[in-house]
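Here's the structure, in structure tokens; my notes come after.
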Amino acid sequence: MSGTGTAATALTDAQKVDVRRFCGYPAFGSGADGNAGWRFYQAYGALEYRMANLSVSEVAVAANMLVTLNGFENSLEGSVGDLDTDAAGPWTRNKDEVKDRAGLMSMWSRRLCAFFGVPPGPAMIVSGLQLIM
């Protein structure tokens, strides 16, 4: 949303970078001419097309999802610094905190992929066989 109270009509470049990151797709690059190999994948092309052609309402939904994902990313970074504390007074840390936070972030990233109608990108594939068609 813009500062004037009206809805933004397009994602900003920074928001597009975040969408690519959170969906697991590589950086677009500066001055890319369309001939880079990874840009020929159908899902990546669909993501770029959809980011460039969102309705005003869709931009608002995507922007809100990015706020949530950035919050998860920031809280995940903050929880990593607490790994050295096992107990403080009656409080005992959740030993799965980082894993739990990463799981929530992954769930929301997959929701963002679903919103854009693309499969999770290569960076979100954890293991196993990957076929590119």
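Below, all heavy atoms of this structure are taken into account, side chains as well, without hydrogens, waters or symmetry copies.
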- Task: Answer yes or no: is there a side-chain heavy-atom contact under 4.5 Å between Leu112 and Leu66?
- Result: yes
- Excluding sequence neighbours, so at least two apart, what forms side chain to side chain contact (heavy atoms under 4.5 Å, CB included) with Met107? Leu104
- With sequence neighbours left out, write down each residue that passes side chain to side chain contact (heavy atoms under 4.5 Å, CB included) with Ala102, or none if nothing qualifies. Leu76
- Message: Within the 4.5 Å heavy-atom criterion, are Phe115 and Met65 side-chain neighbours or not?
- Response: yes
- Rounded to the nearest 0.5 Å, how far apart are SG of Cys23 and CZ of Arg111? 13.0 Å
- For side-chain contact (heavy atoms from CB on, under 4.5 Å), just list the numbers for Cys113 and Met124, CA-CA rounded to whole Å, side-chain angles, deciding distance to a tenth of an Å, and then say yes or no. CA-CA 11 Å; Cys113 290; Met124 290 185 67; 4.2 Å; yes
- How would you list, by chain and number, every residue that makes a ring pair (Phe, Tyr, Trp, His ring centres under 6.0 Å) with Phe22, sequence neighbours excluded? none
- Task: Search all heavy atoms of Val118 against all heavy atoms of Ala46 and return the closest pair with its distance.
- Result: CG1-CB, 4.0 Å
- Note on the structure: Closest non-hydrogen atoms of Phe116 and Met51, given as atom of the first, atom of the second and distance, are CE2-CG, 3.7 Å
- Message: Arg20: which residues meet the salt bridge (Lys or Arg N to Asp or Glu O under 4.0 Å) condition with it, sequence neighbours left out?
- Response: Glu48
- Between CZ of Arg101 and OG of Ser106, what distance do you get to the nearest 0.5 Å? 15.5 Å
- Query: If two hydrophobic side chains count as joined below 4.5 Å and joins carry through other members, does Val98 share a cluster with Trp108?
  - Reply: yes
- Query: Taking all atoms of both residues into account, what is the closest heavy-atom pair of Arg21 and Asn70, and its distance?
  - Reply: NH2-OD1, 3.7 Å
- Partners passing side chain to side chain contact (heavy atoms under 4.5 Å, CB included) against Tyr49 (at least two apart in sequence or in another chain): Asn53
- Query: If every non-hydrogen atom of Val59 is compared with every non-hydrogen atom of Leu54, which pair is closest and at what distance?
  - Reply: CG2-CB, 3.7 Å
- Item | Atom of Arg110, atom of Pro120 and distance for their closest heavy-atom approach | NH1-CG, 3.1 Å
- Pairing residues for Ser55 by the side chain to side chain contact (heavy atoms under 4.5 Å, CB included) criterion, not counting sequence neighbours: Ser57, Glu58
- Message: Looking at Gln15 and Thr12, would you say the former's side chain and the latter's main chain have a donor-acceptor pair under 3.5 Å?
- Response: yes
- Item | Heavy-atom side-chain proximity of Pro26 to Tyr44 below 4.5 angstrom | yes
